[in-house]
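Reading through the structure tokens given below for one structure.
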Amino acid sequence: MPSLPFQALRCPLDGSALTRRDMSWRCEAGHSYDVAREGYVHLLPVQNKRSKDPGDSKEMVAARRHFLSAGYYAPIAQALAETLRAHSHGPLSCLDAGCGEGYYLREVQSTGMSLSILGLDISKWAVQAAAKSDKSSTWVVGSNANLPVVSGTLDCVLCLFGFPVYAEFARVMKTDGLLIQVDTGEQHLRELREVIYPSLKPPREGEAPLPEGFSLIDERALCFNIVLESREAIADLLAMTPHLYRASQAGRENAAALERLSLSIDVRIRCLRRSFG
Ligand SMILES: C[S@@+](CC[C@H](N)C(=O)[O-])C[C@H]1O[C@@H](n2cnc3c(N)ncnc32)[C@H](O)[C@@H]1O
């Protein structure tokens with residue numbers, strides 16, 4: 001189902017609402033942002049960039065697209081859609097903060113929910129890939145640290161294996177808005193980590209603290225196994241994770257020598273509601 005128009009973008013320079021005219025978004029003060037050929041808009045002012053090409057590289061994005069499109073993480077997408085459906089109703093305005101190449105938004109949309117969608121990522125390569133695959137949603141290059149979104153407008157924010165900035169999420173959400181986070185659990189990709197690192201880090205102690213301004217309404221672990229049957233699939237998985245840079249040369253060579261890898265997937269799905277007081 002195509003997504004409904006997303007109406008709540010704001011100017012990253014002065015914070016006033018943006019309206020779409022033909023192939024650009026404009027604010028009252030006259031700041032104008034062109035929609036790129038692929039259909040996305042760049043709303044990350046150069047002074048807010050910490051590097052020339054922030055976020056995931058073109059290669060990481062291509063590896064993630066390849067890996068996710070093979071369906072290995074389909075149970076995660078399904079659980080995400082179920083969680084969203086269980087805790088919300090009616091047409092939803094929804095932001096995926098750090099959307100990558102858009103896999104989870106495409107999957108949630110394919111369940112037929114009525115959504116007005118904003119996918120945002122700091123990586124131009126990720127947003128470009130996402131926009132090419134879905135012409136009905138709004139795709140933005142921007143940062144979670146300074147969301148180009150009007151305050152108090154969103155029913156739902158998704159942050160999937162991402163970099164949450166809770167104060168910004170709270171700002172853009174409606175008073176009873178939902179935040180759904182998916183993060184890795186202790187056993188996640190353990191077998192890959194055992195191959196690439198000489199020893200594994202001890203697990204983190206205790207629960208993740210509850211961010212200010214949110215209450216916990218649901219939390220679940222999702223664990224399953226996948227089997228990668230080719231060097232390419234193993235290389236894609238490694239390339240889409242920070243392990244590629246953290247591993248030593250020897251660790252990367254160990255992974256490259258594998259032709260098959262059975263893996264534990266262990267993720268935590270946390271559902272928080274915006275709350276006051
Ligand atoms: C591990 S990937 C997850 C991508 C996607 N959510 C998924 O699960 O397929 C993290 C993503 O966060 C993006 N990112 C990093 N810092 C960010 C920031 N400050 N604001 C928005 N996105 C950011 C990266 O470019 C990358 O696409």
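Atoms within a ligand are numbered from 1 in the order they appear, just like the ligands themselves. Keep in mind that what you see is a predicted model, and the values were worked out from it rather than measured. What you see below is based on every heavy atom in this structure, not just the backbone, and it leaves out hydrogens, waters and symmetry mates.
Of all the atoms in ligand 1, the ones that sit under 4.0 Å from a non-hydrogen atom of Cys99 are 5 (C). Those atoms of ligand 1 with a heavy atom of Leu160 less than 4.0 angstrom away are 3 (C), 5 (C), 6 (N), 8 (O). The atoms of ligand 1 that sit less than 4.0 Å from any heavy atom of Ser123 are 25 (O). Near Phe161, the atoms of ligand 1 lying under 4.0 angstrom from a non-hydrogen atom of the residue are 1 (C), 2 (S), 3 (C), 8 (O), 10 (C). Under a 4.0 Å criterion applied to the non-hydrogen atoms of Leu68, ligand 1 contributes the atoms 9 (O).
The distance between the ring centers of Tyr73 and Phe67 falls below 6.0 angstrom.
Using a 4.0 Å cutoff on heavy atoms, Ser143 counts as a contact of ligand 1. Ligand 1 is approached by Tyr104 to a heavy-atom distance shorter than 4.0 Å. The closest approach between any non-hydrogen atom of Val61 and ligand 1 is not below 4.0 Å. Within the 4.0 Å heavy-atom cutoff, Phe163 counts among the residues contacting ligand 1.
Ring-plane geometry between Phe169 and Tyr166 is classed as perpendicular, the angle between the planes exceeding 60 degrees on a 0 to 90 degree scale with a lower cut at 30.
Regarding atom 14 (N) of ligand 1, its nearest protein heavy-atom neighbour is Ile122 CG2, 3.6 Å. Of all protein heavy atoms, the one closest to atom 9 (O) of ligand 1 is Arg64 CD, 3.3 Å.
Within the 4.0 Å heavy-atom criterion, neither part of Ala145 lies near ligand 1. Under 4.0 Å from ligand 1, not a single heavy atom of Val165 appears.
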Walk me through it: do Arg231 and Glu259 pass the test salt bridge (Lys or Arg N to Asp or Glu O under 4.0 Å)?
CA-CA 5 Å; Arg231 285 174 192 256; Glu259 289 182 0; 2.9 Å; yes
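Among the atoms of Glu101, none of the N or O lies under 3.5 angstrom from an N or O of ligand 1. For a threshold of 3.5 Å applied to N or O pairs, the pair formed by Asn144 and ligand 1 contains at least one separation below that value. For ligand 1, one of its N or O atoms has an N or O atom of Asp121 under 3.5 Å away.
Across all non-hydrogen atoms, the minimal contact from Glu101 to Val61 is CB-CG1, 4.0 Å. Taking every heavy atom of both residues into account, Arg190 and Ser264 meet most closely at NH2-OG, 3.8 Å.
No side-chain N or O of Arg106 forms a donor-acceptor pair with one of Gln109 less than 3.5 Å apart. With 3.5 Å as the limit, one finds a donor-acceptor pair spanning the side chains of Arg171 and Ser151. Checking Asp121 against Trp139 by side-chain atom types alone, no donor-acceptor pair falls below 3.5 Å.
Transitive grouping of hydrophobic side chains (ILVMFWY, heavy atoms separated by less than 4.5 Å) keeps Leu95 and Val182 in distinct clusters. Val141 and Val41 fall into different hydrophobic clusters, defined by Ile, Leu, Val, Met, Phe, Trp and Tyr side-chain heavy atoms under 4.5 Å apart, directly or through other members. The cluster map of Ile, Leu, Val, Met, Phe, Trp and Tyr, joined by side-chain heavy atoms under 4.5 Å apart, puts Leu272 and Leu80 in different clusters.
Distances from atom 6 (N) of ligand 1 to the heavy atoms of Gly55, Gly100, Gly98 show the closest one on Gly98.
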